[in-house]
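Naming: A, B, ... by sequence-line order, numbering from 1 per chain.
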Amino acid sequence: MSSEPTALTAAADDLPPYVHDALRREATDLLVATGLVAAGNVTLVTPKPNIPADLAFPVFPAAKAAGVNPNEFAQKLAGAITPREGGLFDTVSAMGGFVNFAVAPDRFARAVVEGIFARGDAYGEDKSVGRGEKTVVEYSSPNIARKMHVGHLRSTVIGNSIRRILLALGYDVIADNHLGDWGTQFGTLLAALDQWKLSPWDDPDPVQSLVEIYARYNNAAKEDPALMDAARQWFKKLEDGDAWARETWQKLIDITMAEFDRTYQRLGVAFDTTHGESYYEPMLDEVVQEAVDKGVAKVEPDGAVAVDFGEALPSYLLRKTDGATLYQTRDVATCLWRWREYAPARNIYVVGAEQKLHFAQVFETVRRMGYPEIADRSVHISFGAVTDASGARFSMRKGTAIFLDEVLDEAVERAEATMREQIAAGRSEVTEAEIGPISEMLGLGSVFYADLYQGPERGIRFDWDKMLAFDGNTATYIQYTHARCRSILRKAGEDAAAQVAGADLSLLTEPEAQVVLKHLARMPQAVREAGEKFAPATVADWTYNVAREYARFYDKCPVLRAETAELRAARLALTAAVAQGLKNGLALLGIGAPEKM
RNA sequence: GCACCCGUAGCUCAGUGGAUAGAGCGUCUGCCUCCGGAGCAGAAGGUCGUGAGUUCGAAUCUCGCCGGGUGCGCCA
């Protein structure tokens, strides 16, 4: 089992195993002890909610191998098992080819809640999965001299969450922002600045000025093809090291990065390296030469250098006829550089689905160049495009793009408006001074969650009302549940922590409490699965489910007004465990958990 | 034309070999003298695009077909 604790972690923290893992081990041990089934043949499944059991063993394959009736085999197995004294399970039964294991509610409750308290903010983490293996995660990667828009949000938000999940799993993550800071687009800007003698540096919004200049030049070039030639020439000059070109290009980067850095700070998104495409520029000649020398690429009569994969994939260019390089060249260089620099266990690209072929070509190229290791370890996490209400893609040129700041500001405004309504209705504890920061947390949460709650492959049809909704499966609902938990704990009194610490957790046997506990116990599994599949949605789904089950419990079982002081303490402890779980789950998504809202 | 992705409730999506396919939104009906109603309970709503196949068992795996999207050499 991959989840086997290692000597390394055991020595590091000395914590009890996760309940989820303990249950599986206990069930497997009980089955194997019958002598009727081998450990290697035990595959356990989680029963559907309508089945009165917590873990199940489908006997069909084993029964078939033994040539016996599944139903009878299950009966025989269940009959041969006696639950361990003081173990997590207290009943084992057979039902239509399944051996069902049901937990002892009191012991289960204690194990789950104590496990959460023991780990605190680290609940859900499992450093033994990654064991410090280096993993490169490339995400966000906006273009210099452009504004970030809703399209960049997906890569940024998904990549940020993948980084956090991999860190929780003990990987040594290198988060890289692969800036678009090289290419013909800079030739275009240099040509425009040169031709029109512009100096946008001191404009009130210099990046906006650059976006406009770029559009203006491209429009003009449609009428006058000579302008396009000038743009290509300027890029060539930039590559060749022309002093003015280099100096101006650096200024473009500086003013754009000043703006991007503000945005990343607001989003709470971080990187370990910000190697733009230009970083690899000095390596390009060598990479192209190596590809040619190894017979992977061929120089064509017109001077262009192309890679031909035969039937496997469409061919593509590594060098243009004018000698300049392309995006593909730089990505091949990037992939090889990462291999030489880090030899990572994984090299992950969080980039839109429209670049699937591109990455397939890049990975296949490095494979054929003699680096199968990095090709095998590279993975493109692709996501569908964001489109407008009619299904059309947002276009910077047509002016239909929605900029990132617009989205964030609108989200925060809506959160604030709702909060003010709640305050006016006497349903919120938020004070005037707290409205600003909490609205920010809620607004950003909505925007993040809209990109994380579903699998990435599907496209997203942009819809303000849907993205910024705050009921049902939304970040707001989860944050709200967290705030309610914290509110209850505040109202429990000064000594709430002592009450929780002294609670008799075995009292949490009501069905509503048990359902909450079962969901809480699954967090480690959800995080591991999210890490394996690079799928933050798995964590989002877990977090939402915990919030929903707690809301049901909350409605049915009073905490502060529980029948007895003992029960009150136990329910307070469950509330504290839920608050901790929700906070940890949201943190993995890059979303904050407010104390009140 | 070829390749890849998607097709599950009116809408947006979970669910990748196990038991009666689940949520949210929307619609309809209930629940505030009681811990925060941004909430809770209930109802209606499904031939899992379609046709074969593999399997004790298929929304899930294989093949064909239909529909939608994306990509396929000098942009990134």
For [N], which nucleotide in any strand shown is its Watson-Crick or wobble partner with both distances under 3.5 Å?
{"N": "rC35(B)", "answer": "none"}
{"N": "rG18(B)", "answer": "rC56(B)"}
{"N": "rA43(B)", "answer": "rU27(B)"}
{"N": "rG1(B)", "answer": "rC72(B)"}
{"N": "rC63(B)", "answer": "rG51(B)"}

Tell me, yes or no, whether the heavy-atom count around Lys76(A) atom NZ, taken from other residues, nucleotides or ligands under 6.0 Å, exceeds 12.
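No, the 6.0 Å shell around NZ holds no more than 12 heavy atoms from other groups.
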Considering only atom [atom1], compute the distance from [N] to [M] and round it to an integer number of Å.
{"N": "rG17(B)", "M": "rU62(B)", "atom1": "P", "value": "12 Å"}
{"N": "rG10(B)", "M": "rG45(B)", "atom1": "P", "value": "11 Å"}
{"N": "rC48(B)", "M": "rA59(B)", "atom1": "C1'", "value": "5 Å"}
{"N": "rG18(B)", "M": "rU55(B)", "atom1": "C1'", "value": "12 Å"}
{"N": "rG24(B)", "M": "rA76(B)", "atom1": "C1'", "value": "37 Å"}
{"N": "rG73(B)", "M": "rG69(B)", "atom1": "C1'", "value": "23 Å"}
{"N": "rU16(B)", "M": "rG51(B)", "atom1": "P", "value": "24 Å"}
{"N": "rC5(B)", "M": "rA14(B)", "atom1": "P", "value": "15 Å"}

Scan [X] against the nucleic acid and name what it touches under 4.0 Å (heavy atoms): base, sugar-phosphate only, or nothing.
{"X": "Glu277(A)", "value": "sugar-phosphate"}
{"X": "Ala306(A)", "value": "base"}
{"X": "Lys556(A)", "value": "nothing"}
{"X": "Gly183(A)", "value": "sugar-phosphate"}
{"X": "Ser487(A)", "value": "base"}
{"X": "Ile51(A)", "value": "base"}
{"X": "Asp463(A)", "value": "nothing"}
{"X": "Val559(A)", "value": "base"}
{"X": "Arg458(A)", "value": "base"}
{"X": "Pro61(A)", "value": "base"}
{"X": "Glu354(A)", "value": "sugar-phosphate"}
{"X": "Ala56(A)", "value": "base"}
{"X": "Pro47(A)", "value": "base"}
{"X": "Gly384(A)", "value": "nothing"}

Ignoring the backbone of [X], work out which of [options] is nearest its side chain.
{"X": "Asp471(A)", "options": "rG73(B), rG39(B), rC72(B)", "value": "rG39(B)"}
{"X": "Arg552(A)", "options": "rA23(B), rA21(B), rC40(B)", "value": "rC40(B)"}
{"X": "Arg561(A)", "options": "rC35(B), rU12(B), rU55(B)", "value": "rC35(B)"}
{"X": "Arg548(A)", "options": "rC40(B), rC4(B), rG18(B)", "value": "rC40(B)"}
{"X": "Tyr480(A)", "options": "rA38(B), rG71(B), rA14(B)", "value": "rA38(B)"}
{"X": "Arg330(A)", "options": "rA76(B), rG73(B), rC13(B)", "value": "rA76(B)"}
{"X": "Lys491(A)", "options": "rU12(B), rA38(B), rC35(B)", "value": "rC35(B)"}
{"X": "Phe470(A)", "options": "rG73(B), rA38(B), rG24(B)", "value": "rA38(B)"}

Nearest whole Å is fine: how far is [N] [atom2] from [X] [atom1]?
{"X": "Asp555(A)", "N": "rC35(B)", "atom1": "CG", "atom2": "P", "value": "12 Å"}
{"X": "Gln328(A)", "N": "rA76(B)", "atom1": "CD", "atom2": "P", "value": "8 Å"}
{"X": "Lys320(A)", "N": "rC75(B)", "atom1": "NZ", "atom2": "P", "value": "4 Å"}
{"X": "Tyr449(A)", "N": "rC25(B)", "atom1": "OH", "atom2": "C1'", "value": "14 Å"}
{"X": "Asn473(A)", "N": "rC25(B)", "atom1": "CG", "atom2": "P", "value": "9 Å"}
{"X": "Glu549(A)", "N": "rG39(B)", "atom1": "CD", "atom2": "C1'", "value": "14 Å"}
{"X": "Met419(A)", "N": "rG37(B)", "atom1": "CE", "atom2": "C1'", "value": "17 Å"}
{"X": "Gln355(A)", "N": "rC75(B)", "atom1": "CD", "atom2": "P", "value": "15 Å"}

When the ring planes of [X] and [Y] are compared, do they come out parallel, tilted or perpendicular, using 30° and 60° as the limits?
{"X": "Trp182(A)", "Y": "Phe235(A)", "result": "perpendicular"}
{"X": "Tyr449(A)", "Y": "Tyr453(A)", "result": "parallel"}
{"X": "Tyr280(A)", "Y": "His178(A)", "result": "tilted"}

Between the base of rA21(B) and the side chain of Asn50(A), is there a donor-acceptor distance below 3.5 Å?
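No such pair is found, so the answer is no.
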With a 3.5 Å cut-off and just heavy-atom distances, do the side chain of Glu300(A) and the base of rG73(B) make a donor-acceptor pair?
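In this structure, the two groups form a donor-acceptor pair.
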Stepwise side chain to side chain contact (heavy atoms under 4.5 Å, CB included) test for His519(A) and Val515(A)
CA-CA 6 Å; His519(A) 276 94; Val515(A) 175; 3.9 Å; yes
Aromatic centroids of Phe60(A) and Phe98(A) separated by under 6.0 Å:
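Centroid separation for Phe98(A) and Phe60(A): below 6.0 Å.
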Under the criteria of a ring-centre distance below 5.5 Å and an interplanar angle below 30°, is Phe98(A) stacked with the base of rA19(B)?
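Ring-base stacking flag set for Phe98(A) and rA19(B).
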If stacking means aromatic ring centre less than 5.5 angstrom from the base's six-membered ring centre, planes under 30°, is Phe60(A) stacked on rG18(B)?
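So yes, this residue stacks on that base, both cut-offs being met.
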Going by side-chain hydrogen bond (donor to acceptor under 3.5 Å, both in side chains), Lys596(A) matches just one of His482(A), Glu434(A), Glu429(A). Which one?
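When side-chain hydrogen bond (donor to acceptor under 3.5 Å, both in side chains) is applied between Lys596(A) and each of His482(A), Glu434(A), Glu429(A), only Glu434(A) qualifies.
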Classify the glycosidic conformation of rC61(B) as syn or anti, calling it syn when the angle lies within 90° of 0.
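rC61(B): anti glycosidic orientation.
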[Y] and [X], any side-chain heavy atoms less than 4.5 Å apart:
{"X": "Asp471(A)", "Y": "Thr476(A)", "result": "no"}
{"X": "Tyr279(A)", "Y": "Arg330(A)", "result": "no"}
{"X": "Leu179(A)", "Y": "Ser141(A)", "result": "no"}

RNA chain B: Gly180(A) or Gln454(A), which has the more 5' nearest nucleotide?
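On the 5' side of the pair lies Gln454(A).
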If you find the nucleotide of RNA chain B closest to Tyr544(A) and the one closest to Gln422(A), which residue's nucleotide is nearer the 5' end?
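Comparing both residues, the 5'-ward one is Tyr544(A).
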